[in-house]
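What follows is one structure encoded as structure tokens, with my remarks underneath.
Chain letters run A, B, ... following the sequence lines, proteins first and then strands; every chain starts at 1.
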Protein chains: 2
Amino acid sequence: MPTPHYGQPRYRVIADELRERISSGAIPPGALLPTESALTAEFRASRGTIRQAIAILRDEHMVATEHGRGTYASPFWLNTSLEGGESETRHRQVAAGPDLAALFAVDVGTTVVERETVRRMHGVVCEVVRTYRPLRPGQ
Amino acid sequence: MPTPHYGQPRYRVIADELRERISSGAIPPGALLPTESALTAEFRASRGTIRQAIAILRDEHMVATEHGRGTYASPFWLNTSLEGGESETRHRQVAAGPDLAALFAVDVGTTVVERETVRRMHGVVCEVVRTYRPLRPGQ
DNA sequence: AGAAATTTGTCCGTATGTATC
DNA sequence: AGATACATACGGACAAATTTC
């Protein structure tokens, strides 16, 4: 078969189809996707094309792949919501989420210090920098 | 020739090398990277491998590719990620929570880029810096 | 414990489509 | 119109991690 890619490229079409299956629950969260070879048979596409489609979903954090095992449909994660600020730089104490707690090797909920700097260009916020440090550095 | 990939895969090594050139300024921001065929010749790798390396940098927003023109070094993350001690920096895309959405004046859930740098002293995490930027800063 | 099968990871080479200069 | 360069797609081969027998 030649390689006509009019309109949407095939790998994107395949990615859309797989995304739809995950979103609709046809592939429940945590479940394994069909193997790459199974997908090549189903979509009549080469393995490279299939892997390109899966790479899209991986970038979107829709799936997670493990070497030798397969590709899982990954459950969505919750984003930590902290209140916003308008000043240039402010400090406050916040409870460490699981991510920060894991990084600092402390219990979840441990107080850490956050410094938030909001940088604007022509009045438009272009960058937000948040620096976290433990209350007792080194301990 | 067989395909021995001991240690780091070649595309990752190539991506590291190109990232270093951009970070160090050897490839100035906004400049065109060498063409894929030039990189093919330089690294003695196939185009697929070169493109895989470039895809990594594209995911990190270190470069931007324009169809038919070439791949540019993006001034987006021009920095300073150099440091003496032990630190790891990674990039990823996250959905903006209410706080970030308010700061950037975008809808909640809008994709923003997060760069997270974890600094360690003697193996102990002492600081976590998270920088958020919108996907399109003007570029 | 070990071997085989399964599955994803990496790499190559080639061909062709599409956009830009 | 031609040249250049990136995008898409195919096929094959071998490596590495996991599971299964």
Exercise for the section: Starting from the C-alpha separation in whole Å, work towards a yes-or-no answer on side chain to side chain contact (heavy atoms under 4.5 Å, CB included) for Val112(B) and Arg133(B). Expected result: CA-CA 6 Å; Val112(B) 298; Arg133(B) 286 178 181 171; over 6 Å; no
Exercise for the section: Write down the distance between CG (Leu39(B)) and P (dC11(C)), rounded to a whole number of angstrom. Expected result: 15 Å
Handout entry: Tyr11(A), nearest nucleotide to its side chain (from dC10(D), dT10(C), dT8(D))
Key = dT8(D)
Exercise for the section: Identify whether any heavy atom of Arg12(A) sits under 4.0 Å from a base atom; if not, whether one sits that close to sugar-phosphate; answer base, sugar-phosphate or nothing. Expected result: sugar-phosphate
Problem - Stepwise side chain to side chain contact (heavy atoms under 4.5 Å, CB included) check, Val128(B) with Phe104(A) - result: CA-CA 9 Å; Val128(B) 176; Phe104(A) 287 118; 3.7 Å; yes
Donor-acceptor pairs are to be reported for all side-chain atoms of residues 33-42 of chain B against protein atoms at under 3.5 Å, with residues two or more places apart or in another chain.
| unit_1 | atom_1 | unit_2 | atom_2 | d |
| --- | --- | --- | --- | --- |
| Thr35(B) | OG1 | Ser37(B) | OG | 3.2 |
| Thr35(B) | OG1 | Ala38(B) | N | 3.1 |
| Glu36(B) | OE1 | Arg47(B) | NE | 3.2 |
| Glu36(B) | OE1 | Arg47(B) | NH2 | 2.6 |
| Glu36(B) | OE2 | Arg51(B) | NH1 | 2.9 |
| Thr40(B) | OG1 | Glu36(B) | O | 2.8 |
| Glu42(B) | OE2 | Arg21(B) | NH1 | 3.4 |
| Glu42(B) | OE2 | Arg21(B) | NH2 | 2.4 |

Problem - Whole-Å gap separating C1' (dG9(C)) and CD1 (Ile54(A)) - result: 12 Å
Practice task
Under the side chain to side chain contact (heavy atoms under 4.5 Å, CB included) rule, what do Val129(B) and Tyr132(A) come out as? Steps first, then yes or no, please.
Solution key: CA-CA 6 Å; Val129(B) 182; Tyr132(A) 299 90; over 6 Å; no
Practice task
Nearest-nucleotide wise, let me know which of Tyr72(A) and Ile50(A) is further upstream toward the 5' end of DNA chain D.
Solution key: Ile50(A)
Exercise for the section: Return no unless some side-chain N or O of Arg10(A) is found under 4.0 Å from OP1 or OP2 of dC10(D). Expected result: yes
Problem - pair Tyr72(A)-Val63(A): side-chain heavy atoms closer than 4.5 Å - result: no
Problem - Interatomic distance, Phe43(A) CZ vs dT8(D) C1' [rounded to whole Å] - result: 17 Å
Exercise for the section: Side-chain contact test, heavy atoms from C-beta onward, threshold under 4.5 Å: evaluate it for Leu100(B) versus Arg130(A) and give yes or no. Expected result: yes
Using atom names, set out every protein N or O paired with an N or O of nucleotides 3-6 of chain D below 3.5 Å, distance rounded to 0.1 Å.
| unit_1 | atom_1 | unit_2 | atom_2 | d |
| --- | --- | --- | --- | --- |
| dC6(D) | OP2 | Glu36(B) | N | 3.2 |
| dC6(D) | O2 | His67(B) | NE2 | 3.3 |

Handout entry: Distance below 4.0 Å between Thr49(A) side-chain N/O and dT8(D) OP1 or OP2
Key = no
Completion exercise
Gln52(B) atom CD is separated from dA7(D) atom P, nearest whole Å, by 14 Å
